[in-house]
Amino acid sequence: MTEKKVRTRFAPSPTGSMHIGNLRTAFYAYALSKHEGGDFILRIEDTDKKREVEGGVQEIKNILTIFGINWDEYYLQSERLDLYKVAAEKLVKDGHAFYCQCEAKNAKQEGFSSQLRDSCRDKNFTSGAIKLKVPENEIIKFRDFVLGEEIEWKTEIVFDATLLKSDKFPTYHLAVVVDDHATSVSHVLRGHDWLPSTPIHLLVYKYLDFKIPQIGHLTDILDPDGGKLSKRKGSTSVTGLLEEGYLPEALFNFVILAGWAPKDNRELFSLEDFVNVFDASGFQKSNPIFNRDKLDWFNGQYIRKTNDSELTTRILKFYKEKYPEDLIEKIVPLIKDRITRLSDFDTLAGFFFKESEVDKNLLGDNFDKHLHAALETLLTIKDFNNSQMNDKLLETVKNNNFKTGDFFMDLRIAITGKKMTPPINESLVILGKEETLKRIKQVLKSTN
RNA sequence: GGCCCCAUCGUCUAGUGGACUAGGACGUCGGGCUUUCAUCCCGAAAAUCCUGGGUUCGAAUCCCAGUGGGGUCACCA
């Protein structure tokens with residue numbers, strides 16, 4: 001009964017549109033706690049006012065909600081400034097930090113900086129930014145629960161990091177330690193890029209006399225061209241991917257499997273499945289490459305799993321109600337197996353809404369005979385419905401000794417302007433008699 | 001450059017000293033189904049387990065070095 005509750009947090013900063021790798025961290029942190037019936041905390045790290053983006057906080061909340069991630073507690077660092085200030089001043093008082101009045105270096109210097117010890121560390125100023133007084137000749141280490149390794153550094157290579165900026169806002173190094181402690185976070189899960197600054201945090205924990213939580217560093221998702229995932233190859237922002245027509249379920253499934261794997265190599269996971277089977281030993285140690293083909297495959301899988309009325313709604317919303325719902329509903333069964341992204345709906349089903357130009361070169365040698373025969377047959381059908389359409393047209397093919405494939409291909413092209421389309425007879429039914437005949441006549445007329 | 005992490009088919013991975021003639025998935029190629037394209041089904045190719053040394057009766061699995069990839073070195077997170 002004294003077991004400590006697993007509490008994790010997702011701590012993004014509202015500095016731009018959320019990156020897919022960032023979202024992955026949220027999924028992992030969520031599953032880590034929820035698998036144990038623990039708590040998941042959302043903490044906004046808005047301590048850099050200069051970089052903060054308008055609406056950034058709302059976007060983070062919206063995205064988590066879209067993916068079904070709910071948080072048990074919520075914190076905004078800018079509302080907790082006193083906490084950090086007290087902690088920083090305590091460190092100064094105890095001799096583990098000092099005031100610095102140097103001019104701020106607020107951008108990365110050219111080349112590699114090597115000035116690890118700050119010139120103000122022994123000047124005993126009583127105001128200014130507060131920096132950590134890193135000790136000499138100490139070994140600082142921890143066991144990373146993702147890597148499963150003990151990692152250590154000599155304090156000689158740790159720099160006197162700024163803890164509290166002169167604007168009284170904390171830096172990440174201070175805020176992360178103070179908040180994780182204050183909110184009883186048991187497991188810290190974060191990007192690989194934080195590994196090098198972990199010794200700073202470890203020192204702060206020690207000097208503040210806080211218990212160190214479990215800390216784990218996740219892999220980075222890499223760009224197919226090398227380096228960290230970048231925007232060169234299309235969007236990597238979550239909203240961008242959503243706008244490309246990817247389903248949240250597919251994005252979720254794809255991204256959790258980039259950096260984590262189950263023992264049995266299972267592929268399809270809902271959020272609930274993932275929480276159920278989650279096991280931290282499944283974390284990978286090496287960086288995965290963003291594989292769009294695999295994402296596309298997942299998306300196709302989920303489109304097929306979605307029931308027709310739900311898919312109709314999603315397409316309706318995706319196109320911001322540009323197309324009428326009743327028509328989408330009829331078309332959905334025809335395109336469901338044929339699209340990999342919602343955005344494919346346009347290219348595959350566009351002809352239903354807008355007459356497409358017919359390239360005569362696409363038509364076969366006997367298109368004239370084919371289309372005349374089709375026209376004649378279609379004219380006799382009073383009520384356009386699937387079974388009748390199929391029977392009559394097939395009968396026409398037989399009676400005229402046409403080649404079935406060639407006949408339907410010409411009809412297909414005349415109606416849609418394309419060689420790759422949904423099933424043609426079913427499409428004609430949806431299109432209706434009037435429109436169908438009109439299009440066939442038009443092609444016949446323009447090719448004469 | 002210093003420091004740190006990592007290394008199994010093109011890609012994501014299973015594998016935790018003997019069951020590995022290294023398994024699965026995506027992609028690719030071939031076939032089936034079929035009035036197109038897809039879906040679906042079947043099959044194939046694809047991995048010197050990065051290299052070199054050890055340890056061991058035995059190594060993809062443990063150790064060391066090299067090489068390669070990644071990260072990081074701000075009053076940004």
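Just so you know, these numbers use all the heavy atoms, side chains as well, and skip hydrogens, waters and symmetry mates. So you know, we letter chains A, B, ... as the sequences are listed, proteins then strands, and number each from 1.
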Base, sugar-phosphate, or nothing for A:Gly191, non-hydrogen atoms under 4.0 angstrom?
-> nothing
Mind calculating the distance between CE (A:Met389) and C1' (B:U35) to the nearest angstrom?
-> 14 Å
Which ring-ring contact (aromatic ring centres under 6.0 Å, His included) pairs, counting each pair once, include a residue from residues 289-308 of chain A, with sequence neighbours left out?
-> A:Phe254-A:Phe290
C1' gap between B:G54 and B:A59, integer Å = 12 Å
More than 12 heavy atoms from other groups under 6.0 Å of NZ on A:Lys154 | no
To the nearest angstrom, how far is A:Asp46 atom CG from B:C76 atom P?
-> 14 Å
Distance between the C1' atoms of B:G2 and B:G18, in whole angstroms?
-> 43 Å
When rounded to whole Å, the CG to P distance for the pair A:Leu218 and B:G70 reads 19 Å
If you look at every strand shown and take non-hydrogen atoms under 4.0 Å, does A:Pro170 touch a base, only sugar-phosphate, or nothing?
-> sugar-phosphate
Can you list the residues that meet the side chain to side chain donor-acceptor pair (under 3.5 Å) rule with A:Ser309, with sequence neighbours excluded?
-> A:Asn307
Under the side chain to side chain donor-acceptor pair (under 3.5 Å) rule, what pairs show up with a residue in residues 80-89 of chain A, not counting sequence neighbours?
-> A:Arg80-A:Asp179, A:Tyr84-A:Asp179, A:Lys85-A:Glu89
Rounded off to whole Å, could you give me the NZ-to-P distance for the A:Lys49 and B:C75 pair?
-> 17 Å
Which residues pass the side chain to side chain contact (heavy atoms under 4.5 Å, CB included) test with A:Gln101, sequence neighbours left out?
-> A:Phe125, A:Ser127
Write out all pairs satisfying salt bridge (charged side-chain N to carboxylate O under 4.0 Å, His left out) with one or both partners inside residues 256-268 of chain A, taking only residues at least two apart or from two chains.
-> A:Arg266-A:Asp273, A:Glu267-A:Lys294
Under 5.5 Å and under 30°: A:Trp297 stacked on B:C26 | no
What residues in residues 349-370 of chain A put a non-hydrogen atom under 4.0 Å from any atom of RNA chain B?
-> none
A:Phe10 CZ to B:A77 P: how many Å, rounded?
-> 16 Å
Sequence neighbours left out, what passes side chain to side chain contact (heavy atoms under 4.5 Å, CB included) with A:Lys49? Give chain and number order.
-> A:Asp167, A:Phe169
Decide yes or no, distance alone: a donor-acceptor N/O pair under 3.5 angstrom between the base of B:U35 and the side-chain of A:Asp406.
-> no
B:G71 P sits how many Å from A:Ile221 CD1, rounded?
-> 13 Å
Just to confirm, is there a sub-4.0 Å distance from OP1 or OP2 of B:C75 to any side-chain nitrogen or oxygen of A:Lys131?
-> yes
Hey, is CG on A:Asn399 packed in by over 12 heavy atoms from elsewhere, all under 6.0 Å?
-> yes
A:Phe269 CZ - B:A25 P separation (whole Å) | 15 Å
Which parts of nucleotides 2-15 of chain B does protein reach within less than 4.0 Å, heavy atoms only, written one letter per nucleotide 5' to 3' as B for base, S for sugar-phosphate only and - for none?
-> -SSSSS---BSSSS
Can you list the residues that meet the salt bridge (Lys or Arg N to Asp or Glu O under 4.0 Å) rule with A:Lys330, with sequence neighbours excluded?
-> none
Strictly below 4.0 Å, heavy-atom distances to any atom of RNA chain B: list the hits from residues 159-166 of chain A, or just say none.
-> A:Thr162, A:Lys165, A:Ser166
Separation of B:U72 P from A:His217 NE2 (nearest whole Å) = 12 Å
Can you name the closest pair of heavy atoms from A:Leu174 and A:Leu163 and give their distance?
-> CB-O, 3.4 Å
If the P atom of B:U55 is compared with that of B:U61, how far apart are they to the nearest Å?
-> 15 Å
How would you list, by chain and number, every residue that makes a side chain to side chain donor-acceptor pair (under 3.5 Å) with A:Asp359, sequence neighbours excluded?
-> A:Asn361
Using the 3.5 Å cut-off, write out each protein N or O paired with an N or O of nucleotides 36-38 of chain B and the distance between them.
| residue | atom | partner | partner atom | Å |
| --- | --- | --- | --- | --- |
| B:U36 | O2' | A:Lys419 | O | 2.9 |
| B:U36 | N1 | A:Arg412 | NH2 | 3.3 |
| B:U36 | O2 | A:Arg412 | NH1 | 3.4 |
| B:U36 | O2 | A:Lys419 | O | 3.2 |
| B:U36 | O2 | A:Thr421 | N | 3.0 |
| B:U36 | O2 | A:Thr421 | O | 3.2 |
| B:U36 | N3 | A:Arg412 | NH1 | 3.2 |
| B:U36 | N3 | A:Thr421 | O | 2.8 |
| B:U36 | O4 | A:Pro423 | N | 3.4 |
| B:C37 | O2 | A:Arg338 | NH1 | 3.1 |
| B:C37 | N3 | A:Arg338 | NH1 | 2.2 |
| B:C37 | N4 | A:Arg338 | NH1 | 3.2 |
| B:A38 | O2' | A:Asp337 | O | 2.4 |

